[in-house]
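Below: the structure, in structure tokens.
Both ligands and their constituent atoms are indexed starting at 1 by order of listing.
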Amino acid sequence: MKKKSKATDCVHAGKFIDPITKGMVTPIYPSTSYDYINTEIQAYPRYFNTPNQKVVSEKLAILEHGETAMVLSSGMAAISTVLFALLRNGDHAIFQKDLYGGTYHAILVEMEKFGISYSFVDINNENSILEEFKSNTRLIYCETPSNPLMKLTDLKMVSAIAKDSNIASVVDNTFASPINQNPIDFGCDVVIHSGTKYLGGHSDICCGAIISSHELMKLFWGTAIHFGGSLNAETCSLLERSLKTLALRVEKQSQNALEISKYLEKNTLIKKVNYPGLPSHPQYDLAMNQMSGYGGMLSFELNANINEVDKFLENLKIFHTAMSLGGVDSIISTPAKTSHSKMTARQREEAGISDKLLRASIGIEDSRDLIEDIDQALSRIKVLV
Ligand SMILES: *Cc1c(COP(=O)(O)O)cnc(C)c1O
């Protein structure tokens, strides 16, 4: 069958037509108890095989170009399931050093307890990966674009190293979303999403997803039923509804983010803009190769002292200062005070995350209104010249 475009898949892929009413929308099946006689499968929410779970998983598998998918109760449920399914006592894993804070902490706190060793590496540097590679290395894990500096990881390079040693490459694709990047196309084995972000897209559901081959999914399923991070039918239904507009939302968010980063880059009150869609981004070529859009996330630094940065945030009228990302509303945050507050000032400085760095998740509003909002907020602070 000819491949459909993403926008069409968002609406139609995995579609379920209720045999009784023939309604357009998948009914919500809240049952936790299903007949087991004369049925092919024994359905149960924590087995990840109830109707609403299956319908939305199928849509996600198609959107990420994977064989199969599983939806879970959070991004961290997906991440912990994948890590503990692939790793066991005595194994070693390689992680990108600038990972999402929750993942970073989970590794620090949980891995050693189970006798698993790990290395954090500069994932864009092939030698830095190879130097840490050991005979017991079982997986390479990365995130691209990264949070909050929007650095990219060469997915083809990472998957080639993993393939060479017959180990798994795992990509957290939350920031790009399946609309802008499909790591499986570049040879990666496992894709993870915090569905709380772009997949849900309205800042009102918490969920996660794993997309992979059937073979690997058997392994993940076996661990997931023990960890118990299943997703209820109502949230599956909300996620399915959200995914129908995923392409529409992400395309608008990406277009807005590009326009805003161009505006910021030209503005002398701004010291630095990090956005993979800008030709000035050091990995712009890589962005063009592996992304089909550059996403709704960007970060920048003001040419002002820290008190003025706080004033700038207070002056904003449309942008909310809030945590999390990926919703239809534009939000902005100070990573040093939110997502990266658990790092020491020294660790942040080493990672290049200044206390004045601002991270924005651009929504679907009119970009002219968003630019005007930033402009008026900037005009009311003292800048350094
Ligand atoms: C938010 C986030 C997660 C964790 O997802 P939850 O749904 O909060 O558990 C993992 N990875 C990235 C990149 C994220 O932004």
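Remark: Glu350 engages Arg346 in a salt bridge, criterion side-chain N to carboxylate O under 4.0 Å.
For the residue pair Asn52 and Thr50, no side-chain donor N or O sits within less than 3.5 Å of a side-chain acceptor on the partner. In this structure, a donor-acceptor pair under 3.5 Å is absent between the side chains of His92 and Asn136.
Looking only at side-chain heavy atoms (C-beta outward), Asp98 and Lys151 come within less than 4.5 Å of each other.
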Go ahead and list the nitrogen or oxygen contacts between ligand 1 and the protein that come in under 3.5 Å, distances to 0.1 Å, or just say none.
from: ligand 1; atom 1: 5 (O); to: Ser194; atom 2: OG; distance (Å): 2.9
from: ligand 1; atom 1: 7 (O); to: Gly75; atom 2: N; distance (Å): 2.9
from: ligand 1; atom 1: 7 (O); to: Ser194; atom 2: OG; distance (Å): 2.8
from: ligand 1; atom 1: 7 (O); to: Thr196; atom 2: OG1; distance (Å): 2.6
from: ligand 1; atom 1: 9 (O); to: Gly75; atom 2: N; distance (Å): 3.0
from: ligand 1; atom 1: 9 (O); to: Met76; atom 2: N; distance (Å): 2.8
from: ligand 1; atom 1: 11 (N); to: Asp172; atom 2: OD2; distance (Å): 2.6
from: ligand 1; atom 1: 15 (O); to: Lys197; atom 2: NZ; distance (Å): 2.7

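No side-chain donor-acceptor contact under 3.5 Å links Asn49 to the backbone of Ile41.
Scanning for side-chain hydrogen bond (donor to acceptor under 3.5 Å, both in side chains) contacts around Ser169 gives Asp189, with sequence neighbours left out.
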